[in-house]
**Q** 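The structure's right below; bear with me while I get my questions together.
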Amino acid sequence: MTATPEQIASIGHASRDLLRFAWLREPRSELLVTSSLIGVGRTFATDPQASAALLREAIAADHLKQHGYKELRWIAQEIIPIAEANPSLAVDIYQAAYGFAETSDESTPMGSSQILSLRSNRRQDYQGAWYQLSEAITRILCNDLEAGVRAVARSLLGYVQRERRYEHHSHEPSLDTFVVWGTANFEADWSSSWFRGGFQPNQDAPVLLKKFEDYLDRLATQDGAEAKFTRILTTLANEPHVVAAMWASLLIAGTKHAALYAHRLVPLASAFPLMLSSDTRFQLGNFLTAAFEYFRESDRETIERSILALPDNPIGNRAKVVLAGCVPRALISSAEMRTFVETLAQGGIATECSARAHHQFDAGIRHGCVSCIRRCSADGSGQRVAAPIDAAGRGSHGRQRRSGPFARFGQTAARRSQEASSGADEQILRQARGYAC
Amino acid sequence: MSHVSLGRLSNAEVSQIPGNLPALEDLYGRASPKLRDLLQNIFNLHLLADLLSAGAARSDLSEITTQSELLDSYWRHRVRREDGRQDDRETVLTVIANRMIDTQELRVLRADVRLHVASDALVDLERQGILHAEDQGGRPNEDVLLFNHHVLFDYAVARLIFPRGRQPERLVSLLSARRELSLMLSPSLTLALTDAWNVGADRTPFWELAFALGATSDLPGVAQLAAPTVVVEHTKDLADLTPVLECLKQTGARRDAAENVARNIVGALFVRMNAGVPLVGPSAGPWMEFADQLTSLGQDRLMLAALALIANAVNAL
């Protein structure tokens, strides 16, 4: 039997009264708390303001630490109606849920059976809420795109701040901004290691990122895909913190569906932080290769000039060579880029855009081995080759910096640089030497 | 001994019966849905047909909506009547009902009662079909008297022993003193409570009796649940529950009694729900509003009672 609107309103009001009472009651009754939470969630729309105020208490940091493992899953269970009635609260729930991780293995009851008394623990119980939130995110993205995108972005930020706070490479941007219809934010997140390196965590916020990428993939086949993609970009551009992995996901979608999204992603394709960061450079390079043919002439020039304008430091110079290699030769638009690429070739520094090359580059940066970053073949063919990477992510040359094969490359580059005729070429090769040595 | 189980009559079956009795056909045609529902019980149908054949006004009968009202009408036509002998007849029935209660049997020896009653009144009740002799192998055993139907015994007790719930102390004393009778007298208690429910706009007699029963902690559960069950059956809107909600805001023994009644109302709702009547829906009654009112009071036991209702309703959303 379907409840009438009046009955639903009464159920909602009573649920809120019950929850307030349950939180104050001593001793605490889990049955009272959980049943009330479910009631508040399911009748959220009967009084969004009052319901939101209560649920915000439930996700307050201190409350979440103390009771999250018992309460959060019941809120997560009702996240769809909550998101429909108050998208902003749903985003805050995601942010709070992924901003904290329960680490205790303290035993908790699982069900109330006296015959088969199963046990769980606080950590697992809390992770159950993550699972429910991750299951709901696709529907939220479909129902309210902006809320869904913000939920994913903030959840990932919480995850990165909790789990992936490492020291960043010097000269790579840790926090930066770039222009996408305003000022967009970028935060390096080491996702090249924990998400793009082959293994993807099957728990926590990375699951949301995977679902976000799946959504972007499906979006391309839907009506209004371009407009929705623009809304996603706009939403992310307005977020105060966006981790690199989110931008990388957009670039991946742009690579897969270049004809559809290429021109929307021009601002990202010419953004310094994305070019310089090892969390996005590979995805950006692939995107350039796939999408360059769809860019307008003026956009191509903008992107090429941006690549060439990367800072004159080891990271900037290396990124310049890598990304220049990703631009299809036949589609190079500016004379400057053409000169740059030709000069590299004459100097024995061939450009190549491949996953292996990017990984080699990043692995080299990570453990400081320049020869692992990239080297030219010693046979002078101009064909760049990448040194193999071992299981630990190190190049075959271990921690060699300026000796062995790299030294040979340095000699080759130096010899070829002598053959270069113009001052500009010398500049390019000097930078290339910076890249190489 | 053979038993025949008669379920509720279907609409088609009920519509066949009045064909032989034009007055019943006419009444059935004009009957309210509640009266039609009542007449699906073959005993009630029999009572109504009997009243019609006794000359009862159809306009009066068509107003009936509860079994209690039907029995009241039957009682006025068959027991009280207007011949000035109603007290004699009711005395006979009081003596017989008391005897049955004492022996906890729905039969009584004529020899045990005839010395205490007017014989002509006793015979009159037999002629009116209120009492009859026990059947023994197809022949009447005049030594043993029975009510014509156990519902008539129930109503006689409700009316004569429980005085239709108008004297709560007396009723509660009887049930407290003889707890073992609670099950036997439960239908009578329900009839008395139903009768009291229909008195006055504020239903004062009913609530006085309900609170008296709720205040007596040593009554068996069946007696504690009787008033709440009547509340659940007959409540149409939240205003019907105002007395109990008002009492819950007070302090003292009356509030405690009201709390027991309120909690038992929730229990009665679950009994009804288990019988297939939903807690929510257009015709479900004001029970979610009631739960809302209970939670606004912020009292522990009421909160837990309301929680049961709310949690169940939430599952149905």
Side-chain angles (χ1 to χ4, degrees), chain A residues 1-48 50-51 54-55 58 70-71 73-85 111-112, chain B residues 231-233 235-242 244-245 248-249 259 262-263 265-267 269-317:
Chain A
M1 187 67 77
T2 307
T4 64
E6 293 76 17
Q7 287 168 342
I8 295 172
S10 294
I11 295 167
H13 193 264
S15 296
R16 292 187 289 276
D17 278 348
L18 284 167
L19 184 57
R20 285 187 204 99
F21 178 83
W23 276 338
L24 295 173
R25 187 178 188 268
E26 289 289 346
R28 181 181 159 97
S29 161
E30 293 309 328
L31 177 68
L32 196 53
V33 172
T34 54
S35 298
S36 312
L37 270 174
I38 294 169
V40 171
R42 207 162 292 179
T43 61
F44 190 91
T46 59
D47 188 341
S51 303
L54 279 169
L55 294 184
K70 291 176 287 191
E71 295 183 4
R73 64 177 140 159
W74 304 111
I75 299 172
Q77 181 180 288
E78 305 302 328
I79 194 68
I80 296 292
I82 292 171
E84 284 168 359
S112 55
Chain B
V231 173
V232 166
E233 285 298 323
T235 292
K236 291 187 179 68
D237 54 47
L238 193 62
D240 289 337
L241 304 167
T242 301
V244 69
L245 292 170
L248 288 170
K249 295 172 186 166
E259 182 179 281
R263 292 173 64 220
I265 286 174
V266 174
L269 280 167
F270 276 96
V271 171
R272 198 170 71 141
M273 190 188 78
N274 289 335
V277 182
L279 282 175
V280 293
S283 57
W287 303 115
M288 294 305 110
E289 291 170 83
F290 178 61
D292 188 16
Q293 292 289 319
L294 293 185
T295 58
S296 68
L297 298 169
Q299 295 159 7
D300 200 64
R301 297 208 304 169
L302 293 175
M303 284 299 201
L304 292 173
L307 176 71
L309 278 182
I310 293 299
N312 215 286
V314 164
N315 283 338
L317 292 182

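Nothing here was measured: the structure is a model prediction, and the numbers come from that model. Reminder, nothing fancy here: chain letters follow the sequence lines and each chain counts from 1. What you see below is based on every heavy atom in this structure, not just the backbone, and it leaves out hydrogens, waters and symmetry mates.
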**Q** Taking all non-hydrogen atoms of both residues into account, name the closest pair between A/Ser15 and B/Val314 and its distance.
**A** OG-CG2, 4.4 Å

**Q** Which answer fits A/Leu24, side chain, backbone, both or neither, if we ask what part of it has an atom under 4.5 Å from a heavy atom of chain B?
**A** neither

**Q** Measure distances from A/Arg20 to the heavy atoms of chain B and classify the residue's part below 4.5 Å as side chain, backbone, both or neither.
**A** neither

**Q** Begin from the C-alpha positions of A/Leu31 and B/Leu307 and carry the test side-chain contact (heavy atoms from CB on, under 4.5 Å) through to its verdict.
**A** CA-CA 9 Å; A/Leu31 177 68; B/Leu307 176 71; 4.2 Å; yes

**Q** By ring-ring contact (aromatic ring centres under 6.0 Å, His included), which residues pair with A/Trp74, not counting sequence neighbours?
**A** none

**Q** Rounded to the nearest 0.5 Å, what separates atom CD1 in B/Ile310 from atom NE2 in A/His13?
**A** 11.0 Å

**Q** Do you know which of A/Ile11, A/Thr4, A/Ile38 has the most heavy-atom pairs under 4.5 Å to chain B?
**A** A/Ile11

**Q** Give the minimum heavy-atom separation between B/Ala284 and A/Gln7, together with the two atoms involved.
**A** CB-NE2, 4.0 Å

**Q** What's the spacing between A/Ser36 OG and B/Met303 CE if we round to 0.5 Å?
**A** 8.5 Å

**Q** I'd like to know if the side chain of B/Glu289 and the backbone of A/Ser10 have a donor-acceptor N/O pair within less than 3.5 Å.
**A** no

**Q** State, with a plain yes or no, whether a side-chain heavy atom of B/Asp292 is found less than 4.5 Å away from one of A/Asp17.
**A** yes

**Q** Is B/Leu304 in contact with chain A via its backbone, its side chain, both, or neither, using a 4.5 Å heavy-atom distance?
**A** side chain

